[in-house]
Amino acid sequence: PAGAPPQGTLHGEHVETRVARQDCADVIADGTRFTTYLVRNLPKHYTSWDLAAAIDAFSGISHASVYDYVHVPWGKKCSANMGYGFVNFVDGPTARRMLARMAGQRWGTNERLVSAIPAARQGTRANLVAFASEREPRPEARRPLVIVP
């Protein structure tokens with residue numbers, strides 16, 4: 001009908017944008033207890049280094065003061081990542097600030113929007129232990145990125 005929002009929109013806003021913003025808003029409202037987040041909708045070519053560079057671009061400040069762990073898992077025999085990554089921010093307030101900046105933004109020229117939820121495994125140490133327990137070694141480019149201050 002005339003005057004109706006286009007297909008895939010809700011109240012004039014793209015549904016995907018609204019969902020991504022709501023995911024991040026829920027996380028932000030939850031407080032400061034989480035530091036590790038599963039970041040979704042990554043471009044399929046992103047590595048841990050690419051995700052770190054994207055977060056740096058969103059933050060406008062050096063990575064050492066924002067996060068200390070970034071990992072983008074790739075399929076064992078795939079030429080693309082799994083579409084998500086893990087970021088451990090240095091503390092809860094920093095995570096909240098960064099998620100507020102990233103919410104509903106696009107990953108560069110990619111059509112998909114930034115979306116994040118708290119990860120099941122919290123903290124750099126817990127994530128490194130889990131990665132170390134994998135049976136198959138990963139190429140250097142597919143390993144977690146750890147920032148040591």
Side-chain angles (χ1 to χ4, degrees), residues 4-131 134 136 138-147:
Q7 186 83 18
T9 64
L10 183 62
H11 305 293
E13 183 177 33
H14 229 272
V15 172
E16 187 178 351
T17 303
R18 190 178 195 118
V19 168
R21 284 190 181 144
Q22 187 59 50
D23 283 348
C24 291
D26 290 346
V27 167
I28 291 165
D30 191 31
T32 59
R33 63 189 173 133
F34 297 112
T35 59
T36 307
Y37 289 86
L38 180 132
V39 182
R40 302 185 288 195
N41 297 332
L42 295 180
K44 292 293 185 179
H45 67 277
Y46 264 33
T47 64
S48 297
W49 287 99
D50 294 319
L51 177 54
I55 293 168
D56 289 348
F58 283 121
S59 73
I61 55 178
S62 78
H63 56 266
S65 60
V66 177
Y67 56 85
D68 58 8
Y69 176 90
V70 178
H71 183 220
V72 176
W74 284 57
K76 288 181 175 43
K77 296 181 180 179
C78 294
S79 60
N81 68 45
M82 307 297 284
Y84 60 87
F86 298 94
V87 178
N88 187 69
F89 294 98
V90 294
D91 56 36
T94 300
R96 289 178 61 197
R97 269 194 322 278
M98 285 306 304
L99 293 171
R101 287 183 185 174
M102 295 166 62
Q105 300 295 316
R106 296 196 186 283
W107 294 108
T109 59
N110 190 8
E111 291 299 312
R112 302 180 83 188
L113 302 174
V114 175
S115 179
I117 58 173
R121 189 175 297 114
Q122 290 291 309
T124 297
R125 184 180 189 87
N127 278 282
L128 286 173
V129 167
F131 181 80
E134 289 186 356
E136 286 186 38
R138 302 280 177 153
E140 186 71 32
R142 296 185 183 176
R143 293 181 185 165
L145 174 60
V146 179
I147 307 299

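Please read these numbers as outputs of a predicted model, since none were measured by experiment.
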*Asks:* Under a 3.5 Å distance rule, please check whether Asp68 uses its side chain to pair with a backbone N or O of Val90 as donor and acceptor.
*Replies:* no

*Asks:* Classify the ring geometry between Tyr46 and Trp107 as parallel (under 30°), tilted (30 to 60°) or perpendicular (over 60°).
*Replies:*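 Rings of Tyr46 and Trp107: perpendicular, over 60°.
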
*Asks:* If I take atom OH from residue Tyr69 and atom CG from residue Asn88, how far apart are they, to the nearest 0.5 angstrom?
*Replies:* 9.0 Å

*Asks:* Where is the tightest heavy-atom contact between Arg40 and Ile117, given as atom of each residue plus distance?
*Replies:*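 The answer is NH2-CG2, 3.6 Å.
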
*Asks:* Looking only at heavy atoms, which two atoms of Gly85 and Pro73 are closest? And how far apart?
*Replies:* CA-CD, 4.1 Å

*Asks:* Quick check for you: to the nearest 0.5 Å, what is the distance between Met102 atom CE and Phe58 atom CZ?
*Replies:* 5.5 Å

*Asks:* If you round to the nearest 0.5 Å, how far is CG of Leu38 from NE2 of His71?
*Replies:*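 Result: 12.0 Å between the selected atoms.
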
*Asks:* Report yes or no: does Arg106 contribute a side-chain atom to a donor-acceptor pair with the main-chain N or O of Glu111 at less than 3.5 Å?
*Replies:*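 Checked: pair present.
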
*Asks:* Could you state the interatomic distance from CG (Asn81) to NZ (Lys44), rounded to the nearest 0.5 Å?
*Replies:*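 Result: 6.0 Å between the selected atoms.
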
*Asks:* For Thr36 and Gln122, work out which heavy atoms get closest and say how close.
*Replies:* O-NE2, 2.8 Å

*Asks:* Heavy atoms only: give me the nearest Ser48-Pro144 pair and the separation to one decimal.
*Replies:*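 Minimum heavy-atom contact is OG-CA, 4.3 Å.
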
*Asks:* Indicate the atoms forming the closest heavy-atom contact of Ala116 with Leu99, along with that distance.
*Replies:*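 Closest approach of Ala116 to Leu99, heavy atoms only: CB-CD2, 3.5 Å.
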
*Asks:* Contact between Met98 and Ser59 at the side-chain level, heavy atoms closer than 4.5 Å - yes or no?
*Replies:* yes

*Asks:* Would a 4.5 Å heavy-atom cut-off, applied to side chains only, mark Val72 and Thr47 as touching?
*Replies:*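 No, too far: nothing below the 4.5 Å cut-off.
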
*Asks:* Which residue is it: Val114, Val87, Asp50? I am looking for the one with a side-chain contact (heavy atoms from CB on, under 4.5 Å) to Ile55.
*Replies:* Val87

*Asks:* Consider side-chain contact (heavy atoms from CB on, under 4.5 Å). Of Asp56, Leu51, Val146, which one does Tyr67 pass it with?
*Replies:* Asp56

